[in-house]
Structures are given as structure tokens and as C-alpha cells.
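Structure first, then comments.
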4 protein chains.
Amino acid sequence: MSDNSFGRLFRFTTWGESHGPALGVVVDGCPPNLAISIEAIQRDLDRRKPGQSRFTTQRREADEVRILSGVFEDERTDGLRTTGTPISMLIENTDQRSKDYSEIRDKYRPGHADFTYHQKYGIRDYRGGGRSSARETAARVAAGAVARLVIPGVTIRASLVQVGPHKIDYANFDWAEVDRNPFFCADPQAATFWADYLDGIRKAGNSVGAVIEVVAEGVPPGWGAPIYGKLSSDLASAMMSINAVKGVEIGAGMEAASLTGIDNADQMRAGANAPYFLSNSAGGILGGISNGDPIVVRFAVKPTSSILTPRQTVTVENEDTDVVTKGRHDPCVGIRAVPIGEAMMACVLADHFLRHRGQTGRDGGVGY
Amino acid sequence: MSDNSFGRLFRFTTWGESHGPALGVVVDGCPPNLAISIEAIQRDLDRRKPGQSRFTTQRREADEVRILSGVFEDERTDGLRTTGTPISMLIENTDQRSKDYSEIRDKYRPGHADFTYHQKYGIRDYRGGGRSSARETAARVAAGAVARLVIPGVTIRASLVQVGPHKIDYANFDWAEVDRNPFFCADPQAATFWADYLDGIRKAGNSVGAVIEVVAEGVPPGWGAPIYGKLSSDLASAMMSINAVKGVEIGAGMEAASLTGIDNADQMRAGANAPYFLSNSAGGILGGISNGDPIVVRFAVKPTSSILTPRQTVTVENEDTDVVTKGRHDPCVGIRAVPIGEAMMACVLADHFLRHRGQTGRDGGVGY
Amino acid sequence: MSDNSFGRLFRFTTWGESHGPALGVVVDGCPPNLAISIEAIQRDLDRRKPGQSRFTTQRREADEVRILSGVFEDERTDGLRTTGTPISMLIENTDQRSKDYSEIRDKYRPGHADFTYHQKYGIRDYRGGGRSSARETAARVAAGAVARLVIPGVTIRASLVQVGPHKIDYANFDWAEVDRNPFFCADPQAATFWADYLDGIRKAGNSVGAVIEVVAEGVPPGWGAPIYGKLSSDLASAMMSINAVKGVEIGAGMEAASLTGIDNADQMRAGANAPYFLSNSAGGILGGISNGDPIVVRFAVKPTSSILTPRQTVTVENEDTDVVTKGRHDPCVGIRAVPIGEAMMACVLADHFLRHRGQTGRDGGVGY
Amino acid sequence: MSDNSFGRLFRFTTWGESHGPALGVVVDGCPPNLAISIEAIQRDLDRRKPGQSRFTTQRREADEVRILSGVFEDERTDGLRTTGTPISMLIENTDQRSKDYSEIRDKYRPGHADFTYHQKYGIRDYRGGGRSSARETAARVAAGAVARLVIPGVTIRASLVQVGPHKIDYANFDWAEVDRNPFFCADPQAATFWADYLDGIRKAGNSVGAVIEVVAEGVPPGWGAPIYGKLSSDLASAMMSINAVKGVEIGAGMEAASLTGIDNADQMRAGANAPYFLSNSAGGILGGISNGDPIVVRFAVKPTSSILTPRQTVTVENEDTDVVTKGRHDPCVGIRAVPIGEAMMACVLADHFLRHRGQTGRDGGVGY
């Protein structure tokens with residue numbers, strides 16, 4: 001809801017432009033006394049970092065994070081700990097090559113936010129897209145790494161599940177595969193196929209979209225806050241705030257429209273200590289509240305708008321022209337959205353955990 | 001983000017349960033001096049009202065709205081006007097039949113929020129689903145009717161575009177048709193087909209899902225607030241907060257994943273006074289900010305969970321049982337979601353209009 | 001911070017005008033399963049109610065509260081309980097006498113908000129002051145009655161401690177006296193003196209200000225949220241939001257300026273289980289966080305602006321005129337502010353209790 | 001309301017500890033296209049900087065601010081401009097002397113937040129008070145410098161008006177004097193007197209409190225947002241959030257209690273274009289909304305708690321002990337609170353200007 005902040009109790013604020021000196025995030029509301037390490041945060045950042053394969057932008061950014069506040073260590077603390085005060089993290093921009101910005105200054109790139117930022121603000125930092133650049137997502141990933149500390153019992157993982165029209169085969173799904181291919185893909189056969197497919201796309205000066213699936217396991221029943229603070233609403237807002245995202249689904253998602261009530265409603269059975277569900281069309285959320293099943297969210301990322309094929313556009317003076325976006329760009333920005341989706345899931349869940357604990361005094365449901 | 005409130009400057013808070021004495025909404029932050037009439041609000045409420053065709057629940061609710069505050073009229077005001085103070089609206093529940101609630105009290109209905117509300121709160125008003133009932137949406141529609149007054153230049157309309165697996169043919173699309181069939185459908189042929197289809201579904205004791213498309217025309221460039229206050233993020237949150245919604249799309253939506261950059265990025269041409277776009281894959285939003293094109297949002301509603309076919313479930317004592325949801329239910333709750341989707345679109349846009357005006361001092365983009 | 005809402009987790013929204021059909025409040029974020037009774041809420045409202053002595057306005061309002069949502073009772077709940085969903089409470093206005101409003105419509109009353117509401121909104125409900133009337137405080141008192149349920153271990157009491165220039169003698173201070181005189185005054189001698197003094201003020205067509213002291217006992221260390229969410233900041237905001245309040249003090253208050261560091265800083269000693277303080281200049285708050293001592297807040301209420309003595313003013317057409325505010329008014333509005341101060345204290349503390357529990361998982365300090 | 005953020009549309013978030021590597025602030029919601037210069041921000045920071053006279057702490061901090069985002073300049077912008085995106089500002093801590101922290105680690109200093117931070121969080125960065133240090137206020141001053149750009153027609157000035165029991169003589173009041181003495185005092189005779197007085201206090205190993213008066217001129221009628229977003233409420237919250245503040249007054253303040261209605265209510269007369277007030281007991285605010293007169297706020301700062309005189313306290317193990325706070329401390333922290341009070345006034349007004357413009361579309365009242 002806020003402009004550059006997200007969350008209610010676990011709340012972070014990001015700042016920075018693509019070609020400014022640095023970017024960063026301030027995480028407010030983090031519980032105190034959590035063991036924190038810069039290595040763990042860096043590890044998440046490294047997964048999002050550009051230039052790790054030929055399928056992502058060749059911009060070179062170390063993305064080295066520094067923690068400037070909110071943590072403390074002395075001989076009594078057993079390592080570095082959060083203090084409950086704001087955690088400020090900063091990442092310097094190191095690879096903003098000096099270059100001629102006159103083309104991007106004078107023309108609106110189709111599919112980019114150039115035109116709309118100009119319309120809204122009457123001024124824009126056009127270098128690399130300024131604030132609208134996907135570099136902002138590094139700050140989210142850092143926030144997400146902190147969020148994971150808040151909910152240690154929850155496992156959050158994501159996989160690319162579609163590239164262009166090509167979907168994975170869920171029969172091959174294996175989380176262990178995600179870190180073995182450059183696509184964060186749980187289906188190794190799809191990853192192999194996509195490698196060839198994307199090479200073709202790239203050589204054609206083109207790009208494609210993708211779908212990412214994020215799954216959180218270990219969320220107890222009871223998180224989420226109806227009506228407008230539904231877990232599903234906050235997840236939709238979170239994922240839609242990621243650059244280039246045009247659709248968000250929970251559980252059965254858009255396909256739920258095609259289902260009948262007999263097929264869709266997840267039946268329940270009595271378990272040893274608590275009921276369980278026979279299926280998970282709900283994606284782990286009923287009435288905006290977690291039901292104990294895995295939370296399943298998918299989101300679609302549109303194709304990279306910066307492509308080598310000339311496109312029709314206009315100048316800032318409203319004159320027809322063409323534009324070719326040279327430079328270092330991802331043929332499929334969706335790939336790097338995988339760790340970003342995980343980070344946003346972590347932030348939403350950490351926030352809802354604290355909100356639920358605040359209102360009810362419990363960590364989960366009444367039976368937990 | 002808040003639990004029972006939505007919006008930042010144009011902010012509303014809803015309250016009430018399905019079988020309590022009343023439900024209502026408080027709209028805060030409305031601009032002063034807007035001409036307002038109870039008839040206009042009632043008209044929107046009447047569109048959402050149950051019992052208007054055989055395809056929606058037969059619960060009989062007059063849904064008569066009263067305005068209790070925030071408006072004023074005297075001999076100088078030229079009719080009833082908003083005053084800028086909170087507008088409280090109240091709708092009495094009149095058709096909560098006295099009946100035996102022991103079944104719904106003792107069993108969790110699959111697909112409903114019974115289990116999760118119990119887990120979260122440890123107590124629940126099970127009568128008619130309590131707070132999780134779709135009756136809450138009447139309050140949103142009242143808020144939306146006020147929101148429309150804030151943005152008089154914007155036309156917001158919606159159509160049912162899919163019922164079960166059956167989509168409309170956009171070649172037949174005509175807004176004028178929406179109020180001529182019981183489905184709020186812009187394609188009269190689809191409406192005819194759905195009537196038969198839904199009769200079959202209903203007779204089979206089953207239900208189906210649906211997709212609604214909401215379109216806002218007349219939004220100037222510049223509304224929306226990056227990064228976490230993107231117009232798209234707030235719309236996703238808004239639509240996902242509607243009961244039974246499992247997916248939200250902007251523009252090309254989930255299909256954007258299948259497109260290439262050449263096809264997806266909307267090219268621009270110089271217009272007489274301002275640039276225009278050659279296509280609208282963006283759904284009117286670039287970088288979270290409106291671009292002047294129609295805002296296009298779709299959302300999927302899952303099939304009604306209350307069906308006449310017995311389903312497996314458990315009791316509140318964690319014992320296996322079956323449940324049949326008798327009573328007056330919609331075979332396709334998606335139908336009545338059409339005016340609700342319009343209302344949420346209106347609330348999001350009214351809020352962003354005020355936010356944009358607050359920050360920039362302009363009503364729209366620099367060229368407007 | 002919000003316009004008509006207060007609080008972050010325990011959050012209430014009020015609505016209604018002095019001469020509209022009703023006023024009310026929606027309390028959101030209340031924990032579930034709290035035993036609640038309409039009698040307890042009504043008892044607090046009755047203390048604030050006008051017309052209880054010759055020292056308060058003779059307007060006759062039953063101030064009967066109805067709870068419209070957020071509570072539930074069945075054979076298993078052991079009485080009426082909160083459900084965790086919004087609690088909507090409504091109070092009808094019954095004594096808005098039909099009368100001629102032309103004077104108040106055409107002139108700005110000095111000391112009132114007539115001029116500023118007109119300037120802000122360009123329209124105003126002038127009847128009885130509209131939204132700026134102290135009738136709004138009934139809604140706060142109802143919210144405060146719910147807030148008390150959230151923090152059952154905390155005792156909140158208030159006393160009038162100054163009327164005009166006449167202060168109480170703290171040597172006579174006895175909480176038991178508060179309900180034995182029409183001033184809510186813990187010093188019975190002061191109350192006797194004030195009775196004569198106020199009779200004189202009233203007969204002179206005049207009015208006076210007052211100071212109220214609110215004390216909360218039983219607050220554990222640890223509540224409060226630096227930096228901008230300090231307990232002291234939120235209390236200052238809360239008390240300053242009450243009609244006619246012009247000053248707020250915590251502990252030593254404005255007098256702290258005159259103290260030296262030797263006298264002011266409360267020294268500590270080791271107690272049986274935890275440290276204790278030798279004095280309470282801090283008013284129970286250090287660095288914005290409760291220290292376990294009583295929270296002590298005082299606030300000054302300006303004299304009633306509606307007096308029988310003619311005052312110079314202007315018409316809405318900017319012409320010089322005089323005004324005499326006839327009607328039923330309090331010679332000292334500060335008297336009825338006593339239960340309102342208690343209510344705001346309760347709301348702030350309930351909110352901070354939930355916020356503290358959310359962030360830390362504890363109800364109080366580490367040693368509690 | 002939020003923990004480390006302040007404001008609603010003009011919203012800033014601060015971070016950093018006294019002895020961490022840096023501190024900073026992120027300003028969100030700033031209008032675009034404002035001319036901004038690092039020199040102007042630095043000038044405000046330099047006024048708050050320690051070590052400028054013998055009456056303030058001798059800690060040496062350059063307090064050099066860097067702007068890391070949210071501004072842009074090219075050949076078309078006429079100097080550095082805000083872009084409407086978050087403005088991140090960072091100040092390095094340079095004078096955290098390496099020293100032995102064991103005393104402050106093991107004992108709670110009376111009057112400080114040591115005990116309460118420990119109780120709340122169970123961990124604390126005790127070096128220099130950590131997050132509770134007044135160093136945080138540098139970040140506010142930077143935010144305030146930006147806020148001033150948002151409301152160029154408003155002049156905000158402050159003066160120390162009381163040190164210990166010694167008040168200024170308003171007959172001597174001259175704004176031009178403020179920058180001519182080390183006390184930011186508009187009464188040069190009081191400043192001379194205080195110099196001797198404070199020398200005595202310092203030599204006695206003691207400290208004193210102070211009162212600061214902040215005045216904003218040029219605020220049009222209409223800013224402020226009843227009921228809980230009153231200008232007076234937000235100012236009270238803002239000032240009370242400053243370290244060591246124990247009381248806040250608007251206009252007549254606590255003295256309003258002693259006034260009668262005849263004396264207190266500011267009478268009005270017709271001016272050439274608009275009414276004006278014959279006095280300003282209201283401090284420029286009626287019903288929470290500005291009335292066009294100067295906004296007058298006073299706040300009391302308690303005496304520095306760190307003094308050279310031994311005080312009784314306890315160890316973190318709850319054992320009796322004494323403490324003497326050695327080190328570089330202000331004998332009267334109130335002095336440096338003068339620019340901080342100005343900054344908070346600027347932030348509150350900038351926020352309310354944007355909120356008013358958002359809701360009404362006007363910059364001020366209907367007649368402006």
C-alpha cells in the first residue's frame with residue numbers, strides 16, 4: 001500500500017536507482033535476538049545476481065551487502081544478533097558504465113516505465129531505468145533473507161515452471177534440481193529443453209516470459225488476517241510488485257474457474273492429532289487464512305522489454321521514431337525472479353506470523 | 001494490508017457478519033463537496049443483491065443502505081453533499097432465518113473458511129459463515145459507489161468472461177449487453193449458452209468457477225505509486241481480497257509468460273497531443289503507473305464450495321464425517337462478483353487519484 | 001496519523017456528527033475469545049454522558065450503545081465473546097432538538113472549529129459543531145471499554161487535578177473519591193471548593209479550563225516502540241486528539257525543564273526479583289518504553305468556547321459581528337474529559353501490548 | 001505510530017545506532033522536481049552538530065551527509081532535483097572512540113533507556129546508548145531539511161525559551177538573535193544569563209532541562225485532518241518522539257487550564273480579504289486544523305541524565321551499585337533540540353500539506 005515500503009509489522013523500505021551510487025533496504029520490526037549472518041544474506045543475493053549464466057544480463061555487479069545497523073555482537077551474545085531496531089542494508093552499484101544516455105533520455109522504450117514515470121513525476125532518472133530498474137529487487141532479496149530468520153520452521157522454495165509456452169512436467173519435479181541448472185528449475189528435462197529454446201530466442205534478438213512457482217511448507221494453520229489483510233491478498237500484492245509481473249495465482253489459480261465444486265473443494269479427513277486435506281486446490285489458504293497445507297503461489301513475468309529488434313516508439317517530444325535497446329539484458333527476466341519470489345513470500349509470511357502472534361498470543365492455530 | 005480496512009487516502013473499513021443484525025462500512029478520506037445520492041449507492045447494491053435470477057442464491061435481502069454520517073444538505077448546498085468526514089453506511093440483515101445451526105457448528109465445510117477461522121481465532125460465528133460470508137461484499141459495493149464519485153471522468157465496467165471452461169467470444173463483446181442478461185456478460189451468445197450449462201450444473205448438485213474482467217477507461221497517465229504501491233499491486237490485493245478469488249491478471253496476465261518481447265511490448269506512436277499505444281498487453285499499467293490506456297484486470301473465482309453433493313470432511317472433534325451444504329447458494333458465485341470487482345477497481349483508483357494529487361499537485365500526467 | 005482511525009494493531013475508527021442520526025466506532029484487531037458485556041461498555045459511557053450534574057451540559061442523551069458485530073455467544077462459549085473480527089458499536093443521537101441553526105450557520109464561533117472546517121472542506125455540518133463536536137468522544141469511550149478487556153492486568157484511572165488556576169492537594173489524593181463527586185476528583189476538598197468556584201463561573205456566563213491526570217498501573221516493562229512509536233508519542237497524540245486539549249505531559253512534564261539531572265533521573269535499587277525505581281519523574285516511560293512504574297499522563301483542556309458572554313467574530317461573508325453561544329454547554333468541558341482520557345490510555349496500551357507481543361512473543365519484559 | 005517511521009504521505013524512516021558505522025534516513029513521498037542541494041541539508045545538520053560550544057557535548061562528529069538516491073541532475077533539470085522516489089541520506093559515525101564499555105554494559109544508567117531496552121528486547125547495543133542515543137536526531141534533521149523544500153511558503157523557526165527555571169522575557173524576543181548565541185535563543189539577555197548559569201551547573205557535575213518554542217509562519221488555513229490526524233496530535237507525537245521530551249504544548253498549552261472562556265477564545269475580525277484573529281491562544285490550530293495564524297508549539301526537555309554526580313542504580317544482575325556517567329555529554333540537551341524541533345515541525349507540516357492537497361485538491365483553505 002505504501003509507496004516504497006512493504007509489510008505491517010515486519011516492514012521494509014527500499015531505496016535506490018539503477019545507476020546511483022548504491023541501493024538498499026531498511027527492515028523495521030524484526031524480532032530481537034535472532035542469530036543473523038551476513039553470509040546467509042549474501043548467499044540469497046548471489047542467487048539473484050546478474051551475469052551467472054548466458055541466460056541473464058551480463059551486467060557485472062558484486063552485489064555485496066553491508067549491514068549498517070540493527071545487529072549487535074559481544075562476548076555474551078553467541079554471535080551476531082538482531083536487536084529489534086531497524087536493520088539497514090546497503091549494496092553499492094559498481095558496474096554503471098559511463099556511457100551515452102542520450103537515446104534513452106530522448107525516447108520512451110516500449111514495455112518500460114519510461115513514459116509513465118515521466119508522466120507521473122515530470123522528471124526521471126533514465127539511466128538504466130532509474131528506480132524502475134530490476135536492480136531494486138536486490139534490496140527485496142536482502143529483506144527476504146532476514147524474513148526467513150523470523151520463521152525458521154518454514155521452508156520456502158521456488159522453481160521456474162514455464163518459459164515461453166513451455167511448461168515443466170510436474171512428474172519430474174524435484175526440488176534438489178533447482179540449484180543444478182541455470183533456470184532454478186525443478187524439472188531437469190525442462191531445463192535442458194529451455195537452454196536450447198532460449199539460445200534461439202536470444203539469437204533472434206527477442207525475449208520470452210516465464211512463470212515462477214513459490215511454495216512455503218511448514219506454515220501452521222491460522223496465519224492471515226481477513227478481510228483485506230488476507231494472506232492471499234498480501235501475496236498477490238507482493239508478487240505483483242515485482243518488476244514485469246502481470247499475473248498471480250494461489251493454488252488452482254485461474255484454472256479454478258474451470259473446475260466444478262465437486263473437484264475443487266479440498267476434502268478433509270481426521271488425522272492423528274488434527275485434520276488433513278486430501279488435495280490442495282486451495283494452495284494452503286482458505287478465507288485468507290493458512291490451513292496448514294503448503295502455500296502455493298505462481299506468478300507470470302512478461303518477456304524482457306529490452307530487445308535487439310527495433311520497435312516503434314516516440315520521442316519525449318512526441319515524434320515518431322524507432323528504438324533498439326542495446327546493452328546487457330536478460331532474454332528471460334523471469335529466471336532471476338525465482339529468488340525474488342521466494343524473498344517476497346518470506347516477507348509476507350514473517351509479517352503475518354508477527355501479526356497473528358500479536359492478535360492471538362499464539363504462534364499458529366489453536367491445535368498447534 | 002490492514003485487516004478490515006482497504007486504501008490509504010480513500011480508505012474504507014467494513015464490519016459485520018452474515019447473520020448478525022447488520023453489516024456496514026465506514027469510508028474515510030473522501031473529498032468534500034461531492035454530490036452524493038442514496039439512490040446511486042442503492043443502484044450498485046441492487047446489482048450485487050442475491051435472488052435476482054435462478055443462477056444466484058435465493059436468500060432474500062433487501063440490502064437497503066442507510067447513510068449515517070459524512071453527508072450534509074441545507075438550502076445552500078445544491079442537494080446532498082459529502083463533507084469530507086467519515087461516511088458511515090449500514091445495511092440490515094433481514095433474512096437470517098432461524099434454523100438449526102448444529103451441523104455447520106460441528107463440521108468444517110470443505111472449501112470454506114470454517115476450519116481456518118477456528119484455527120486462527122479459537123471461536124467462530126458459524127451461522128452462514130459469519131465474517132467469511134460473501135455478504136461482506138455488500139459493504140464494498142457501497143464503498144465503491146462512493147469511490148466512483150471521486151473519479152467522475154473514469155468509466156468502470158465489468159463483464160463475466162468465463163463460466164467453467166466456457167469463455168466468451170471477444171468478437172461479440174458489447175458493453176451494452178451486460179445489463180441484458182443475468183450473467184453481467186458482454187457476449188450475449190455466451191450468456192445464452194451459460195444459462196443451459198448452469199442449469200445442468202445446478203441440477204447435478206454441483207457448481208462452477210468463473211472469470212470476471214474489469215475495465216476502467218478514462219484513467220489519465222500517472223496514477224500509481226511505485227514500488228510497493230503499484231497500481232497493479234493494489235489491484236491484485238483488492239481483487240484477491242474478494243471471497244473465493246484464486247487468481248488475478250493485469251493485461252496479458254498469465255499469458256504474458258507465453259509471449260515474446262516482440263509481441264508483448266506495446267509500441268507507441270505520436271498522437272495529436274500525446275503519444276498513444278498500438279496495443280494494450282500492459283493492461284494500461286507500466287511500472288505500476290497508469291499509461292492512459294484502459295486498465296484491464298481479470299480475476300478467477302473458484303466454484304461455490306457449498307454444494308448438494310456430499311463431501312468428506314471432519315467434525316470439530318477431528319472425526320471423519322460427510323457434509324452436504326443445504327440451503328440457498330449460488331451455483332456460480334462468480335456472477336455476483338462482477339459488481340464487486342467494479343467496486344474494488346473504483347476504490348483502488350479513487351485512492352490512487354488522491355495519492356497522486358497529494359504528491360504531485362496534478363490530477364494526472366504532466367501532459368494532462 | 002490516520003484521519004478518523006487510531007492505533008496500529010488495536011485500531012479503531014470513529015464516525016458521526018453531533019446532530020446526525022447516530023455516531024459509532026469500529027474496533028479492529030481485538031483479540032478473540034475475550035469475555036465482553038454490553039453492560040461494561042455502557043458503564044463507561046454513562047460516566048461520560050452529559051447532564052449528570054449542574055456542571056456539565058444539560059443535553060439529554062441516553063448514549064445507549066449497541067454492538068452490531070464482532071461478538072458471539074452460543075451454548076459453548078460461556079457468555080458473550082469477541083471473535084477477533086471488527087466490533088461495530090453504534091449510539092443513536094436522540095436529543096438533537098429541532099431549532100433554528102441560522103446563527104451558527106452564518107457566524108464563526110470563536111474558539112470553535114467552525115472557521116477551520118469551513119476553510120478545509122468548503123462545506124460544514126454546523127449543527128452542534130458537526131464532526132468537531134465532543135459527542136465524537138462517546139465513540140472513543142466505547143473503544144476504550146473494549147481496550148480494557150485486552151489488558152486485564154492493567155488498572156487505568158483518572159482524576160481531575162486542576163480547574164481554572166485551582167489545583168488539587170496531592171496529600172488528599174484518594175482514588176476512591178473519584179466517583180463520589182461530580183468532578184471525578186481524587187481530592188474531596190478540591191471538589192468542594194470547585195463546586196462553588198464553578199457556580200460563580202457559570203453565573204458569570206463564563207467557563208474555565210482544567211487538567212486531567214490519567215494513571216495506568218500494572219503495565220509491565222517493555223511496552224512501547226521506539227523511535228516514532230514511543231509509548232509517550234502515542235499517548236501525546238492520543239490525548240491531544242481529544243477536543244480542546246492544548247497540552248500533554250508525561251511524568252514530570254513541562255516541569256522537567258526546571259529540574260536538574262540530580263533530581264530528575266529516577267534512581268534504581270535491587271528488588272527481590274527485579275529492580276525498582278526510587279521515584280517516578282519518568283512517568284513510567286524511559287526511551288519511549290514502559291519501565292514497570294505507573295504510567296502518568298496529564299493533559300490540559302481549554303475552557304469551553306461556548307459561553308453566554310458576547311464575543312467579537314465575523315460572518316461567513318467576512319463581516320464583523322458578535323456572537324453569544326446559547327444552548328446547553330459545559331462550564332468546564334474538562335470534567336467530562338476524565339473518562340475520555342482513561343479510554344485513550346486504554347486504547348494506546350492495548351495497542352502497544354499487541355505490538356510488543358507481536359514483535360517479541362512475550363507479554364512484557366524479559367524478566368516478566 | 002510506526003516504530004521507526006514518521007508521517008503518512010511525506011514519510012521518513014530512520015535507522016542507525018550511536019556507535020555503529022553510520023546512521024541515516026529514507027524520505028519517501030517527497031514531491032518531484034523540487035530543487036535540492038546538499039549544502040542546505042548540511043547547513044541544518046551543522047546547527048544540530050555536537051561540539052559547537054562548551055554547552056554541548058564534546059563528541060566530534062562531522063555529520064557529513066550523503067544523498068544516495070531520489071535526486072537527479074542533467075543538462076535539462078536546472079540543478080539537482082528530487083525525482084519523487086525515496087531519498088536516502090547517510091551520515092557516517094566517525095568519533096566512536098574505542099573504549100571500555102564494561103560499565104555501561106553491566107549497569108543501567110538512571111534516566112536512560114538502558115533498562116527498558118533490555119526489558120523489551122532482551123539484548124541491547126549499549127555503546128553510547130545504541131539506538132536510544134540522541135544521535136538518531138541527526139537523521140530527523142536531514143529529513144526536516146527536505147520537508148522544508150515541500151512547503152516553501154512556510155517559515156519555521158525555534159528558540160530556546162527556558163533553561164532550568166529561567167525563562168526568557170518575550171519583550172526581548174527577536175528571531176535575529178537566535179543565531180548569535182550558543183543557545184539558539186531569541187532573547188539575548190536570557191542567553192547571557194544562561195551562560196553563567198550553565199557554567200555553574202556543569203561545574204557542579206549536574207545538568208538542567210529546557211523548553212523550546214517552535215513557530216511556523218505562513219501556514220494557510222485548512223491543513224490538518226480531524227479527528228486522530230489533527231495537526232496538534234501529529235505535532236504532539238512528533239515532539240514527544242524527540243529524546244528526553246516530557247511535555248508538549250500548543251498555543252496557551254498547559255496554561256489554557258487556568259484561563260477562562262472569555263480570555264481564551266481568540267476573537268475574530270473581518271480583514272480585507274479574509275477574517276483575522278485578535279489573539280493566538282489557539283497556537284494557530286482550531287479543531288486540529290490550521291487557522292492561518294502562526295503555529296506555536298513548545299516542548300520540555302528533561303535534564304541530561306548522564307551526569308558526573310554518582311547515582312544509585314543496579315547491575316544487569318539486579319545488584320545495587322552506583323554509576324557515574326563519564327564521557328562527553330551536554331549539560332543541557334535541550335539546546336541541541338532547537339533545530340530538531342524545527343525539523344519535526346517541518347516534517348509534520350509537509351505531510352499535512354500533501355494530505356490536504358490529496359483530499360481537497362487545494363493547497364490551503366477555500367479562500368486561499
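This structure is a prediction, so every number in the text was calculated from the model and none was measured.
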A:Gly111 to A:Ser305 - nearest heavy-atom pair and separation: O-OG, 3.2 Å
Choice from A:Gly29, A:Gly84, A:Ser88, A:Gly16 maximising heavy atom contacts with chain D below 4.5 Å: A:Ser88
Region of D:Ile87 that comes under 4.5 Å of a non-hydrogen atom in chain A: neither
Within 6.0 angstrom of A:Glu92 CD, more than 12 heavy atoms from elsewhere: no
Contact winner vs chain D - A:Gly130, A:Pro31, A:Gly70, A:Gly24, heavy-atom pairs under 4.5 Å: A:Gly70
Under 4.5 Å from any heavy atom of chain D - which part of A:Leu9: neither
Top contributor to chain A contacts, counting heavy-atom pairs under 4.5 Å, from D:Arg81, D:Arg127, D:Lys120, D:Arg66: D:Arg127
Structural part of D:Arg105 lying under 4.5 Å from a heavy atom of chain A: both
Within 6.0 angstrom of A:Glu73 CD, more than 12 heavy atoms from elsewhere: yes
Electrostatic pair D:Arg8-D:Asp234, nearest N-O below 4.0 angstrom: no
A:Phe10: ring-ring contact (aromatic ring centres under 6.0 Å, His included) partners, not counting sequence neighbours: none
Chain A contact via D:Arg131 - side chain, backbone, both or neither, heavy atoms under 4.5 Å: side chain
Electrostatic pair A:Arg140:A:Asp44 at N-O distance under 4.0 angstrom: no
Heavy-atom proximity to chain D below 4.5 Å, by part of A:Asn33: both
Part of A:Thr14 lying under 4.5 Å from any heavy atom of chain D: backbone
Ring centre gap for D:Phe72 and A:Tyr126 strictly below 6.0 Å: yes
Interface moiety of D:Thr82 toward chain A, non-hydrogen atoms closer than 4.5 Å: backbone
From OG (D:Ser5) to CG (D:Asp28), nearest 0.5 Å: 9.0 Å
When A:Leu90, A:Leu68, A:Asp74, A:Thr77 are compared by non-hydrogen pairs under 4.5 Å with chain D, the top option: A:Leu68
Region of D:Glu75 in contact with chain A, defined by heavy-atom distances below 4.5 Å: side chain
